[in-house]
J.: 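Have a look at this one.
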Amino acid sequence: MNRTGPKIGLLGGSFNPAHGGHRRVSLFARDALGLDEVWWLVSPGNPLKPKKGMAPLAARFAAATAQARRAPIRVTAIERELGTRYTVDTLRAITSRFPKRRFVWLMGADNLAQFHLWRDWRGIARRMPIAVIARPGYDAQAVASPATAWLRRFQRPLSSFRNGGEWSAPALVTLRFDPDPRSATAIRRVDPDWASRHAGFSPRDQVTHRLIPAREETTT
């Protein structure tokens with residue numbers, strides 16, 4: 001795929017809520033890969049995560065926007081507009097909608113460990129390069145996963161992502177990142193009412209520029 005435009009890192013998740021760890025790893029990946037910016041794809045509903053305890057999309061989006069302020073990070077709920085539920089469909093639609101941009105999928109080692117459970121995960125790998133960010137406690141599981149066994153042949157050096165040349169897929173690069181103890185689970189445990197502080201207004205998507213309705217259903 002011959003793309004010569006801005007280089008964008010895509011970080012997907014429920015962001016329930018977004019926190020400083022998301023921001024820190026995004027800025028690290030941007031610098032390491034020579035990206036122009038990172039897009040946070042705030043999912044309307046993750047098929048691999050339970051619905052219970054999931055805050056409304058507008059609240060999660062607003063919290064992510066606050067966390068990304070004054071950083072080269074755009075927050076988007078583009079899956080809501082595209083009507084996609086699975087990552088492979090979302091990435092296919094995004095690359096079609098933004099043909100002049102070059103994308104790389106960012107994921108933690110915890111996600112790589114279960115990547116083989118994702119719908120058409122090989123299709124995701126063939127769609128765009130993947131950058132895996134090491135996460136303490138998950139490296140062994142990631143190395144032993146079926147997805148890693150398949151992706152290993154496409155391992156690329158970090159320099160290949162920074163030299164300004166054409167990106168191709170499948171391609172896998174591993175980034176070593178200092179541990180960050182913050183987690184959304186811990187935040188929810190300490191502050192179970194965090195979403196209420198972001199309720200009552202409709203934030204605007206930073207990629208599609210559409211409003212996210214405050215009273216929209218959380219998941220489908």
Side-chain angles (χ1 to χ4, degrees), residues 9-30 38-69 71 73-80 84-87 90 105-119 121 124 130-145 147-148 174-200 203 206 212 214-220:
L10 300 178
L11 182 66
S14 55
F15 294 94
N16 188 42
H19 53 76
H22 291 124
R23 179 185 175 106
R24 183 168 170 247
V25 76
S26 296
L27 296 179
F28 166 77
R30 176 180 177 265
V38 173
W39 293 2
W40 285 357
L41 307 184
V42 183
S43 173
N46 186 332
L48 294 179
K49 289 191 175 181
K51 298 179 181 180
K52 184 178 180 181
M54 189 67 65
L57 175 60
R60 290 184 285 120
F61 190 97
T65 301
Q67 192 61 239
R69 189 172 293 128
I73 299 170
R74 288 202 216 185
V75 183
T76 179
I78 195 170
E79 286 177 301
R80 172 184 169 274
T84 54
R85 179 173 172 82
Y86 295 95
T87 299
T90 298
W105 181 249
L106 307 176
M107 67 161 61
D110 55 329
N111 280 325
L112 180 59
Q114 61 165 357
F115 192 40
H116 62 286
L117 301 176
W118 294 24
R119 175 171 290 192
W121 60 271
I124 295 173
I130 295 173
V132 173
I133 301 154
R135 186 168 177 180
Y138 291 95
D139 284 357
Q141 297 175 44
V143 168
S145 74
T148 300
T174 301
L175 305 178
R176 293 292 164 188
F177 181 63
D178 292 335
D180 193 304
R182 289 170 286 192
S183 75
T185 301
I187 292 172
R188 293 195 303 272
R189 188 180 299 120
V190 174
D191 185 12
D193 297 321
W194 69 268
S196 65
R197 293 193 295 277
H198 299 280
Q206 296 179 346
I212 310 297
R215 296 183 180 277
E216 189 172 44
E217 290 289 334
T218 304
T219 57
T220 57

J.: Any idea which heavy atoms bring G200 and A214 closest together, and the distance?
T.: C-CB, 4.3 Å
J.: Mind listing the closest non-hydrogen atom pair of A184 and P17 along with its distance?
T.: CB-O, 3.6 Å
J.: Any salt bridge linking R23 with D180? Criterion: basic side-chain nitrogen under 4.0 Å from a carboxylate oxygen.
T.: no
J.: Could you measure the distance from the OG atom of S183 to the CZ atom of R188? Nearest 0.5 Å is fine.
T.: 8.0 Å
J.: Let me confirm one number: the OG1-CD1 distance from T87 to I124, rounded to the nearest 0.5 Å.
T.: 5.0 Å
J.: Just verifying a value: how many Å separate L106 CG and S26 OG, rounded to the nearest 0.5 Å?
T.: 7.0 Å
J.: For the residue pair T148 and S145, confirm or rule out a side-chain donor-acceptor distance under 3.5 Å.
T.: yes
J.: Can you find a pair of side-chain heavy atoms, one from L11 and one from L41, that are under 4.5 Å apart?
T.: no
J.: For residues F115 and W121, report the shortest heavy-atom separation together with the two atoms involved.
T.: O-CB, 3.3 Å
J.: Judged by atom type as modelled, is there a donor-acceptor pair below 3.5 Å linking the side chain of H22 to the main-chain atoms of H19?
T.: yes
J.: What is the distance from atom CZ of R182 to atom CZ of R24, rounded to the nearest 0.5 Å?
T.: 6.5 Å
J.: Could you tell me whether a side-chain N or O of N16 sits under 3.5 Å from a main-chain N or O of G53, the two making a donor and an acceptor?
T.: yes
J.: Using distance alone, with no hydrogens and no angle criterion, decide if Q206 and T76 have a side-chain donor and acceptor under 3.5 Å apart.
T.: no
J.: Within 45° of the axis and under 6.0 Å from the centre of the six-membered ring of F15, does NZ or CZ of R60 qualify?
T.: no
J.: What is the minimum heavy-atom distance between V42 and A64, and which atoms define it?
T.: CG2-CB, 4.3 Å
J.: What's the spacing between T84 OG1 and R80 CZ if we round to 0.5 Å?
T.: 12.0 Å
J.: Is the closest side-chain heavy-atom distance between M107 and L112 below 4.5 Å?
T.: yes
J.: Shortest non-hydrogen contact from A29 to I133?
T.: CB-CD1, 4.5 Å
J.: Under a 4.5 Å cut-off applied to non-hydrogen side-chain atoms, are D191 and R197 in contact?
T.: yes
J.: How long is the straight-line distance from OG1 of T174 back to CZ of R176, given to the nearest 0.5 Å?
T.: 6.0 Å
J.: Below 30° counts as parallel, above 60° as perpendicular, anything between as tilted: where do the rings of W105 and W118 land?
T.: perpendicular
J.: Minimum heavy-atom separation for L175 and A131, please, with both atom names.
T.: CD1-CB, 4.4 Å
